[in-house]
Amino acid sequence: MKTFDAILPALAGILKSYEASIKPYLPLIVNRNVYGCIVLLIDACHEETIDLVSDDSGMRQLTAKICVQLKPHVKEPERLWMFEDNLQLLIDDPRTLKFPLEDNERRLIPEVYVIDRLAQEATWESFSDNTSTGTRVVFYSMKGGVGRSTALAACAWALAESGQRVLVLDLDLESPGLSTSLLPASRQPAYGITDWLVEDLVNNGDAILEQMHASLGTQQRGGELIVVPSHGDNPGEYVSKLGRVWMPGFTADGQRQTWSERLLRMIQQLEEKHQPTIVLIDSRAGIDEVASACVTDLDAKLIYLFALDSLQTWQGYRILFEHWRLHGVATKIRERLRVVGALLPTWGDQAFMQATAQLRENAYLNFSQCLYDEELAGAVLPLADGPFNFDLPDVDAPHSPLAIGWNQGFAAIGSLHERLAASEANQIEFVFGPLIDNLLAVCGAEP
Amino acid sequence: MTTQQAVLDNDAIREAIEACLPADPSASLPDQQLFLPWPHRKALNLDCSLVIGARGVGKTAWARALLANQDHQRTVALPSEIFPYPLTVVAGFSDQAQTSHPSGGIFAKLISAQDDPYSLWLAVLLRALGSDNTSTLPLESWVATFDWVRGHHEEAWAILRQADQALLQENRGLLLVFDALDRVSPDGDWLQVSAAIRALLRLILELKGFKRLHGKVFLRTDQYARGSFTDLPDIAKIRANRIELLWSLTDLHGLLWQCLCNGTPCDAREHFRYWCQDASAKSQDPAMELFKNDLLLLNQSPAEDESSQNIDANHRWELPTAVQRDEPSQRALFEKLAGRRMGRDSRRGVPYTWIVNHLADAQGQTTPRSFLTAIRKAAEESRHRYPDAEYPLFYDGLKLGVQAASSNRINELEEDHPWLPAIMKPFSNRASVPMTVAVFDQELSEAFGLIPADVPGLIERLPKELRSQGVHGLITYLCQLGLLTQMKDERLNMPDIYRIGFKLGRKGGIKPAQRSTPQA
């Protein structure tokens, strides 16, 4: 009896041992359905010629072996193979989410791809490109309670003070709160992101677009802080609304859109309206559907991965990184990632440095093994588009942690707007400086 | 200098950079291009008798600057009033032909005849006292002086005491500077070098008993570590005041602008000077103002007054303080040369830090020699290969610069450690880092047998305490040399400056085949 994780490696092993038999029928698609069962797709042109009956047929033996070994994740032998017209077209279609099959030792099985059908739409691998005119930055954490929203609020504040037009989106829909910490109660707008997503289902989003933000001008150099909360000043029937935001919708011309496509459309409309120089997005924590949309679907230029240096944190990130590697999308996402070391001990320089060094090494381990390119021994020094690979101490590498020390003054998120207003600018700079400098560099402003 | 500068084309800047920086990486910089980082000042003080540093950090440069600094004629690179009284500076050893000390060849010959390096150093010291004090000393040849000293230690000490008294009365002093000590054995006999250094340190320790007789020894970090000098009695007296010449990010960029602003006269150089003044004027860091005041108070600054156009008698143009020390000012300046990106987007790093970081050894140290080599090569490559690039130093040119500095660095290292090429050969073109100790051990054992005993020429060059520790002793030594670091999970890592030159790979989860796989 095989369990889920053993299906693909076992199949890879069998296909390799019957390499000669399967070769004439390639390419092949392994379709893994929502129940975790597989069927194998080959091109319909082979339907007449394939021999699944004769005793000496390699394909028959192969079929039998798969059905025995992959039980109960396969159907009976007669239903293992399916014939698809123009299989190559399906493979070449960029909308087909597929990944190459590999064996236990990460060796590729040529011309064999896996299509994975999930029960929900969060695949952590559907990327949208070039949808943004400004700079979108996602704040993500594997675990909650690491100071992610506080850091976002402080950075938003500091960026606005330095003259940026900052749009803040609270997408932590299931535990909202960022906007209440950034805005005084009197300034909360009537609606929020949840309202828009529900109204959009009946093509009524425009009705609230004007009333879902609050704007705080700063004294400094024309900067502005525009906050879009997850709900309005009166949350209303929030649970009922939340239960509907994930629905796919249909555009006016009848085109189906997933909820993350709808979300992207909302962000584009907000960007068009407010013309921000930078958009900061507070994502939900964990391997969650909203988080998936934030991290991969919103065409963010930069994704901060907040990390406490704990086993649980790295196990979680490892799952994501390994998913990206296996599904062949690591090359798309890795350049956007940056580790943020959260709540680092500040009692003594030594403790801070040690904790940062340990975090750096753990981050390096995971990035290196899943997301960085192998740089072969003796290869010519890569120039512009050489392997994406960094040494452990490289300060510009995605794994290199931007360090945020633990700070009593920013520990409670409750009344951050008062706190920020009262804070000396250099106190914010003291705690969140590395992050703010990095953001300024990303939006191309003078640090 | 007007505020309106004509636009300078990139090639003119590239040519100026090439002309300003030494083509031969080991050549010493002319006086006006020497740059003394703030922490290095202590190395020049009289109470510092031991200055250590890797190859190419400026030991010889400072030894020579001290030697040129006779009595009232101050070397322009040295801070004024660095010494409390007029000083005669004599070369106790150097790689130059000097009458004040035997050449390496003669030194080796004398020692092979009579294994007594201590007496030979004492002879050098006595000769340095001058004829007023040493009428009994035979001077016709080094062998004559050496032979006399070997038989007359007691008289020698009497002469030293007398000379010290005389110097005190005249309110003067004597400083002997010892550099390039590996040359005491022209055929690189390491044991002989180590014995000579040991004898010298003993003499330097004894000089601490005098008031006006001073010695300063410049020593390579690995010579110091390998010599196992810790058992010398009273060595703590020297160790406590020893200075290690390290170069920070801002020190290195300060040096670069010192060189560029004091190079061959040309339009570009005027631009460089103007840029530096401009950067200084824009510098907003209030700490820099405080720092300037500190400098004035201490009266040790080479940049005492920026408004006086920074030109002194020897035509040394002094860098504004901000360009010496202030990171944001330096960043803005370097952007004029290399922009902000190490690739088509910003995700591969910023040139200002990238180049220094990629030249760093395992201890995070970058030598000025590597840095200037890389910048010069980058200018040259940019001029030849990327003439139309947006900035004078194109990012691919900088990468080629690092490559050149890397192979240069490895050549130097192999000169100092002849066993190194053999050790690295089993890994070259095959292995990747990070690597487990087990793999490292296995590769070496297969190639040589017992580590370190079976590696030709290795065991006698290891510091004593590491000789009996097998492969771990070798690993510790390679870490000390800055070639390897041991990660917290104990795997071995190698910084890029050596990894690229030794042709090792770097591990990564995405295999080359997967990179070219068409993606969904």
Heavy-atom cut-off 4.5 Å, strictly under: side chain, backbone, both or neither for Q358(A) against chain B? both
Please flag which part of D394(A) lies under 4.5 Å from any non-hydrogen atom of chain B: side chain, backbone, both or neither. side chain
Under a 4.5 Å heavy-atom cut-off, does chain B meet the side chain of L337(A), its backbone, both or neither? backbone
Answer with side chain, backbone, both or neither: which region of R430(B) has an atom nearer than 4.5 Å to a non-hydrogen atom of chain A? backbone
Side chain, backbone, both or neither: which part of A397(A) has a heavy atom under 4.5 Å from chain B? neither
So, F427(B) versus F502(B), ring centres under 6.0 angstrom or not? no
Checking heavy atoms, do the side chain of F321(A), its backbone, both or neither come under 4.5 Å from chain B? neither
Can you tell whether the side chains of E335(B) and R340(B) come within less than 4.0 Å, N to carboxylate O? yes
Do E375(A) and K507(B) sit within salt-bridge range, that is, some charged N less than 4.0 Å from a carboxylate O? no
Of the backbone (N, CA, C, O) and the side chain (C-beta and beyond), which part of S428(B) lies under 4.5 Å from a heavy atom of chain A, both, or neither? neither
Are any of the side-chain nitrogens in R491(B) or E361(A) under 4.0 Å away from the carboxylate oxygens of its partner? no
Would you say NZ of K425(B) has more than 12 non-hydrogen atoms from neighbouring residues, nucleotides or ligands within 6.0 angstrom? no
Tell me, with the steps shown, if D326(B) and Q330(B) meet side chain to side chain donor-acceptor pair (under 3.5 Å). CA-CA 6 Å; D326(B) 180 40; Q330(B) 288 186 346; over 6 Å; no
Part of L392(A) lying under 4.5 Å from any heavy atom of chain B: both
